[in-house]
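Down below is the structure, laid out as structure tokens.
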Amino acid sequence: MRNYFYITVLSFAVLLTSCGKTDENMGIANTENSSNNINRKVDSLLGIMTIEEKVGQMNQYNGFWNVTGPTPSEGGAAYKYDHLKKGYVGSMLNVRGVEEVRAVQKIAVEETRLGIPLIIGFDVIHGYKTLSPIPLAESASWDLEAIKKSAAMAAKESAAAGINWTFAPMVDVSRDARWGRVMEGAGEDPYLGAKIAVARVNGFQGEDLASPHTVAACAKHFAGYGFAESGRDYNTVDVGTSTLNNIIFPPFKAAAEAGVKTFMNAFNELNGVPATGNAYLQRNVLKDQWNYDGFVVSDWGSLNEMIAHGYAANKKEVAELAVKAGSDMDMESYAYVEELANLVKEGKVDEALINDAVKRILKVKYELGLFDDPYKYCDENREKEVTGSQEINEAVLDMAKKSIVLLKNEGHLLPLKKEGQKIALIGALANDKTSPLGSWRIAAEDSTAVSVLEGLQSYKGNTISFAKGADVVTGKTEFAIELNVNTTDKSGFNEAIATARKADVVVMVLGEHGFQTGEGRSRTELGLPGVQQDLLEAVYKVNKNIVLVLNNGRPLTINWADAHVPAIVEAWQLGTQSGHAIAQVLYGDYNPSGKLPMTFPKSVGQVPIYYNFKNTGRPVLPSAGEVFWSHYTDQSNDPLYPFGYGLSYTSFDYSNLQVTVVSEKEVEVSVDLKNTGKVTGKEVVQLYVRDLFASVTRPVKELKGFELVELAADESKTIHFVLKVNELGFYDNAGKFIVEPGDFNVFVGGSSEAELHASFELK
Ligand code: NOJ
């Protein structure tokens, strides 16, 4: 009895230096946020929490106003409000803006028994109100500094609006362009994906998580979500250990090593076990093998979805399975808050599991500085100053230019002449100020992007005539509303044709509306949606001088365009400054240097298609007329555009590839790069490796290094890479990382089809 009393008093003493209610002690807490001190404070706080309060920390509610998932049957504002006041809520999502955040934080801090502040989560995917390009587009820049800066700007703007936790980056590798969420990731490659994951985590979290300009990041969706069967969102995932360890895990592991504060699990089942209830993923791999000490939040309602998966019979079982599997926080399933305390009382769940989860959550709150000042993200003046600031707009414009990929430029149609040209600008997307914002932009207002029309009009020397031609989609384009694709209305074709006929150059902006990609937006066709292909062909009949500007969130099968249209620019969904970025590239004020982070197929039937495929036992045509080899009878195996591909207004020449095994630990690779064109340009020099024979077969090529190099016309430079021996290894089928001696090929060039090669032997 005496001991218990002593511990409680001690707990309160430590707590007084840390809890949201103790303003007079803030100074002490501020100087004492080392990790040991945080652990001490967390333990003390835990010591005075009731089981209901502990479980409350593991409960996350959606704000009363916005939803980013199906509305749950229970809940409602009154229910949530009551739970907030009781201290049964640890986090809220989709509460935004200083005023709203302050209101909910005030309840948590001032009305609950312990005053533990809320952590406020939000999908700050590629910006908050001012948007950068969609993540897939940013990844096409291969520019890690720019990507990091873009995340830092997103953190700054969202943190100024009261948010302190983003559900980003999505680090799911995906090889399937049918999956709508490829727009949210870094594409198909685990190496590039891992580098970008680290850049984004560092950008969001910065050097100092307690700064009011940074937010906690979240590596999602652990794991396998990008491998949904047939590219249909939320569908079953069934992958072998080799793919899991060598392709899916690396970006997650890299994010964990970079110190990402949280992970999100996933909607999908993986090999028969839903990710949310998957102890192998969350406990064995993440928390044990990788020693991860952050917390895992579920995806929206994913605990309860285990019932539909056929894995748990009811909410009670859901809660038990999820907590045992290592899911620390329940997003909008109401399962923990309703069932966990009873499960502990009945002895079905060990309280140690709850304590572990709560400690992880409280630790992040301490690290964010929320106990020092729960209102640190709630400064109206900062919100006004930072939102839409010039600094952020300049950064998103820079990122947008860097994300553009030049796919084709026959006869140097681009860059356009700046004077004396009659330009026909065609396509509904050319005049769209909402679509460039993409589908993940729940804080940005409609019509706040710079359209291509506006971008081109800011150059005064040419005449621009705009004709819509045809709508891409009709009806409302609000968040979460399914769009009607225009498959019938060609009434604007004649005007477009007449406009094109009179022009020197036609710029056609075609592709997907921003809401045609993203969560729940899988497609079975990958061509230009609706009547756009017909529009393109109709315009081509009267004027072949076409620059096709693509707006899209996934690879498209644009074979006809590739065969006929002289210039093609991949401009994705580029965010707030989209139109300016596109205009600067079209006019040559910015020389494009982006490279595709995902393979473009020639046909949906080739999907999944990716550069790091396995050779198979029958990779080539044995002799003319043979049929028994790995191929299609109606389409080649080749992609339309390979991974890593992208052109420039200049050209580059690679020569003199040298490979030297300098020690048992290192291989040096060098290559000479020359700018052989007439203007300064940037090239992403890519290094690929092939391990020729291994105990588990290896892909025909694996990216192992890249460097972004800028060269003036005629300038040359020798580029050096150092391959560490660890980068030549792989995970075997027991999940063990091994490096096997033997022969390797090295390829260096400007895409995954790099031909310059050499070889070496690892002894
Ligand atoms: C569901 C999505 O899968 C996830 O990525 C997102 O963070 C949550 N909804 C919250 O909006």
Side-chain angles (χ1 to χ4, degrees), residues 59-72 75 90-96 118-128 134-136 151 154 158 163-174 179-186 197 200-201 204 215-228 231-235 237 251-252 255 260-270 274-276 294-306 308-309 327-334 438-444 479-480 515 517-522 553:
N59 179 35
Q60 184 186 50
Y61 280 149
N62 182 58
F64 312 129
W65 309 276
N66 295 311
V67 263
T68 55
T71 314
S91 172
M92 295 204 68
L93 78 149
N94 291 335
V95 180
R96 61 183 164 103
L118 298 164
I119 178 169
I120 305 287
F122 198 78
D123 289 288
V124 183
I125 305 299
H126 52 111
Y128 177 69
I134 55 170
L136 185 68
S158 55
I163 286 145
N164 41 50
W165 177 23
T166 175
F167 304 125
M170 185 187 100
V171 304
D172 296 302
V173 168
S174 182
W179 190 48
R181 289 192 89 166
V182 296
M183 53 71 59
E184 198 179 338
R200 290 196 168 128
V201 168
F204 285 128
V215 297
C218 179
K220 70 187 189 186
H221 306 84
F222 197 59
Y225 185 43
F227 276 68
R232 204 183 72 219
D233 208 0
Y234 319 123
N235 202 6
V237 176
F252 285 104
V260 70
K261 292 295 161 193
T262 70
F263 262 58
M264 185 184 289
N265 58 36
F267 291 124
N268 57 283
E269 67 158 68
L270 177 72
T276 305
F295 72 86
V296 182
V297 63
S298 80
D299 204 341
W300 178 292
S302 67
L303 272 83
N304 281 348
E305 289 182 13
M306 291 200 289
H309 275 294
S327 293
D328 300 310
M329 187 181 276
D330 168 4
M331 181 193 290
E332 274 288 315
S333 273
Y334 303 75
S439 63
W440 255 139
R441 43 100 183 174
I442 40 190
F479 185 72
F515 283 120
T517 53
E519 190 181 343
R521 278 98 170 178
S522 296

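What you see is a predicted model; the values in this text were computed from it and never measured. Throughout, numbering of the chain's residues begins at 1 and tracks the sequence. Note that ligands are numbered from 1 as they come in the structure, with each ligand's atoms numbered from 1 the same way.
Contacts of N94 with ligand 1, taken as heavy-atom pairs under 4.0 Å, are absent altogether. The proximity of M170 to ligand 1, defined as any non-hydrogen pair under 4.0 Å, does not occur for either the backbone or the side chain. Only the side chain of R181 comes within 4.0 Å of ligand 1, counting heavy atoms alone; its backbone N, CA, C and O stay farther away.
Between I120 and S91, every side-chain heavy-atom pair lies at or beyond the 4.5 Å cut-off.
Classification of the F263-F252 ring pair by plane angle, with boundaries at 30° and 60°, yields tilted.
The only option from W440, Y128, F204 that meets the ring-ring contact (aromatic ring centres under 6.0 Å, His included) definition with F122 turns out to be Y128. Screening N265, D172, D233 for a side chain to side chain donor-acceptor pair (under 3.5 Å) with Y225, the sole residue that qualifies is D233.
Formation of a donor-acceptor pair under 3.5 Å by the H126 side chain with backbone atoms of A154 is not found in this model. N304 contributes a side-chain N or O that, together with a main-chain N or O of S333, makes up a donor-acceptor pair within less than 3.5 Å.
Ligand 1 has an N or O atom lying under 3.5 Å from an N or O atom of K220, backbone or side chain. Looking at ligand 1, you won't find any N or O of W300 less than 3.5 Å from one of its N or O atoms.
Ligand-side atoms of ligand 1 in range of D299: 1 (C), 2 (C), 3 (O), 4 (C), 6 (C), 8 (C), 9 (N), range being under 4.0 angstrom from any heavy atom. Near F167, meaning under 4.0 Å from any of its heavy atoms, are these atoms of ligand 1: 7 (O).
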